[in-house]
Colleague: 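Here you go, one structure.
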Amino acid sequence: MNRSLPRLIIALALLASAPLLAQDLPPLDLNPVPVYGKRVVTLPKARKGEVIDTSLYQLPPNDVMLFGDRVSNLGGSGGSLPGYREYEAPLKTSYEASLGSYLSPRAMVNAEYIRKRFDVAGDLDYRGTAGHIDSAKASSLLIGARGSLLIGDGIEPLRGLRLAGGFQHLGDGYFLYGNARTRFDRSRTGNSGNVMLKSEEELPFSYRLAFQLDGMSVVDTDVDTVREATSTSPTLMVGLAGRIDSSWGFNGGMEFSSTSLRYTAATNTPTFLSFHGDAEWRPSRSLFLTGGIVVANGDNSDSGSSSLIMPRLSLRYEASRALSLFGWFAPELRAATYRDRIMAAPYVDRDIVLRPERVPVRLAAGGRLSLESITLEGRVFFESAGNTPIVTASGLPGELHYDYIASRTIGAMAAARLLITPTLTLDADAVIRSAVDSLNRAMPMIPAVDLRARADFALNREIDLFGSLLVQTEERTVLSDSAATTGELRLPMRFLLGAGGSYRLLEHLSVFAEITNLLANQYELWQNYSVPRFEIRGGVKGTF
């Protein structure tokens, strides 16, 4: 009898892979700027976590964005778009409760209290499901808390420091129904805590010191047999940055982590150590050049290790206030963590081999066009890597495990935001790629085309409507060419439509309804792991 695990587990896996605290933002050199409207407002210098309203203020040239995130010259994430905080109403809360056409309750509460000198926040999110397929049930619970405190006046060097920290607990349980040999209950528990000390303002010399401790446990229960895998991963990160003058700057950093693994059989304790240093040069107002080096080494959990010593180069040209062009050569050694691996593939064998991925060739070039009613972003990229992690199906249906291969990936990414009318917006992003191993065999579980789009329409002051689209081409579940000729070892193309809307009852309270998988298509996320077809959800949302 087929059984199905709901989408919430996959969504939860994506949520859990996010860091506990927002990623540290590079410093912004924003001079006070007057904004004229109903009243004149002078925006102060941006601080960590604050938001600048980009409809009123043009971001400086070094804040190029791709797909909603800022990116550094070397292609790394620069964190979310900064913004400006208002402190007149420091307490903010939001809540949501909903129920699906089968028993799938959700309850979520978020709260934050923000002041200039300190802030605290908390999250509570419960999800459950049962009844859409016989014996398929699951539940999850996310609890998080975080806060920060400004030490000093935030102006003089070494006096404007911000101390931040937080904790997150994530737990879920579900039935591993697709495994043909053994079907059992699985529970995953992850706890994470961190503390960070960083410069609050952009200074001639800025720094960041952070420590994070992650713990993960996976328990598989088959009748009265219990098997467990656990991991503990401390990570230390140090970052330095500074400016010599208006044309020259520098930044560097170090990261060290270690992962203690407790599996059914004995395994090694892999460590990871990485250093990088970069010099930034601005020879003209529109041209930015960055050059540096990365030195990294990581151990495998089985045997052996990987090292990388490579230069890094990038160029960015601001052709105009609306058009940015860029390119980079940014090799890297990507650390492997148990938490990331098990959350990315919830049905995979619990005793995962960990190896860092070595990417000696990582090239990209692209641009961004930003006009009043349209924003277009895109890039082409090429990567050549070793120890690339892939999830493959074994000889028995539903048995999944991680393997490591040499890989080559070439492709293009694009994103668009269109303001079609004042009440209608369209967001879309797409990835087109060819990912193969050293024998030119297509890598499993990677679609050649991944397209996502969403349209939002404000019918009037009370009613908002939306529609969504997801298209993913077929995916292999194994690497072998001969086995892939069998249709059962391929996941067919997915074409999913969604629709929904909300009605504002009060200023801070609205009701909503949505339909997922509108065409009731049947598909699998992994081999033998199908998802629900059609669901109607309804609930309430509120803010205060």
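Residues: numbered from 1 along the sequence shown.
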Colleague: Tell me, please, whether Phe512 has Lys541 positioned over its six-membered ring: NZ or CZ under 6.0 Å from the ring centre and within 45 degrees of its axis?
Modeller: yes
Colleague: Quick one: which residue pairs count as a salt bridge (Lys or Arg N to Asp or Glu O under 4.0 Å) with a foot in residues 404-415, not counting sequence neighbours?
Modeller: none
Colleague: Are Thr189 and Ser217 linked by a side-chain donor-acceptor pair shorter than 3.5 Å?
Modeller: no
Colleague: Please find the pair of heavy atoms, one from Arg537 and one from Ser104, that lie closest to each other, and give the distance.
Modeller: NH1-OG, 2.9 Å
Colleague: I'd like to know whether CZ of Phe534 has more than 12 heavy-atom contacts from other residues, nucleotides or ligands below 6.0 angstrom.
Modeller: yes
Colleague: Any Lys/Arg nitrogen of Glu474 or Arg490 sitting under 4.0 Å from an Asp/Glu carboxylate oxygen of the other?
Modeller: yes
Colleague: Let me see the working for Ile420 and Leu426 under side-chain contact (heavy atoms from CB on, under 4.5 Å), right down to the final yes or no.
Modeller: CA-CA 7 Å; Ile420 300 174; Leu426 175 64; 4.1 Å; yes
Colleague: Any idea which heavy atoms bring Asn268 and Asp302 closest together, and the distance?
Modeller: ND2-O, 2.5 Å
Colleague: Test the Arg186-Phe175 pair against the cation-pi criterion, namely NZ or CZ under 6.0 angstrom from the six-membered ring centroid and within 45° of the ring axis.
Modeller: no
Colleague: Check Pro346 against Tyr174 and note the closest heavy-atom contact, atom names and distance.
Modeller: O-OH, 2.6 Å
Colleague: Just grab all the salt bridge (Lys or Arg N to Asp or Glu O under 4.0 Å) pairs involving residues 410-421, residues at least two apart or on different chains.
Modeller: Arg417-Asp427
Colleague: Does a donor on one side chain sit under 3.5 Å from an acceptor on the other, for Asp214 and Gln212?
Modeller: yes
Colleague: State plainly whether the residues Glu399 and Arg183 are in salt-bridge range, i.e. N to O under 4.0 Å.
Modeller: no
Colleague: Answer yes if the ring centres of Phe544 and Tyr95 are under 6.0 angstrom apart, and no otherwise.
Modeller: no
Colleague: Salt-bridged, Asp172 to Arg188, with N to O below 4.0 Å?
Modeller: yes
Colleague: Can you find a side-chain donor-acceptor pair between Asp185 and Thr221 that sits under 3.5 Å?
Modeller: no
Colleague: Does Gln472 reach the side chain of Met493, with side-chain heavy atoms less than 4.5 Å apart?
Modeller: no
Colleague: Give the minimum heavy-atom separation between Val348 and His401, together with the two atoms involved.
Modeller: CG2-CA, 3.5 Å
Colleague: For Thr225 and Asp222, does a side-chain donor sit closer than 3.5 Å to a side-chain acceptor?
Modeller: no
Colleague: With a 4.5 Å heavy-atom cut-off, do Thr477 and Val391 have their side chains touching?
Modeller: no
Colleague: Can you name the nearest heavy-atom pair linking Tyr263 to Arg350, along with the distance?
Modeller: CE2-O, 4.2 Å
Colleague: For Ile446 and Ala435, work out which heavy atoms get closest and say how close.
Modeller: CD1-CB, 4.1 Å
Colleague: Side chains of His169 and Asn191: is there a donor and an acceptor less than 3.5 Å apart?
Modeller: yes
Colleague: Is there a donor in the side chain of Glu357 and an acceptor in the side chain of Thr388, or the other way round, less than 3.5 Å apart?
Modeller: yes
Colleague: Please examine the side chains of Ser370 and Leu376, heavy atoms only from C-beta on, and report whether any two atoms are closer than 4.5 Å.
Modeller: no
Colleague: Given side-chain contact (heavy atoms from CB on, under 4.5 Å), test Val353 with Tyr404 step by step and report yes or no.
Modeller: CA-CA 9 Å; Val353 173; Tyr404 292 87; 4.2 Å; yes
Colleague: Do Asp119 and Arg146 sit within salt-bridge range, that is, some charged N less than 4.0 Å from a carboxylate O?
Modeller: no
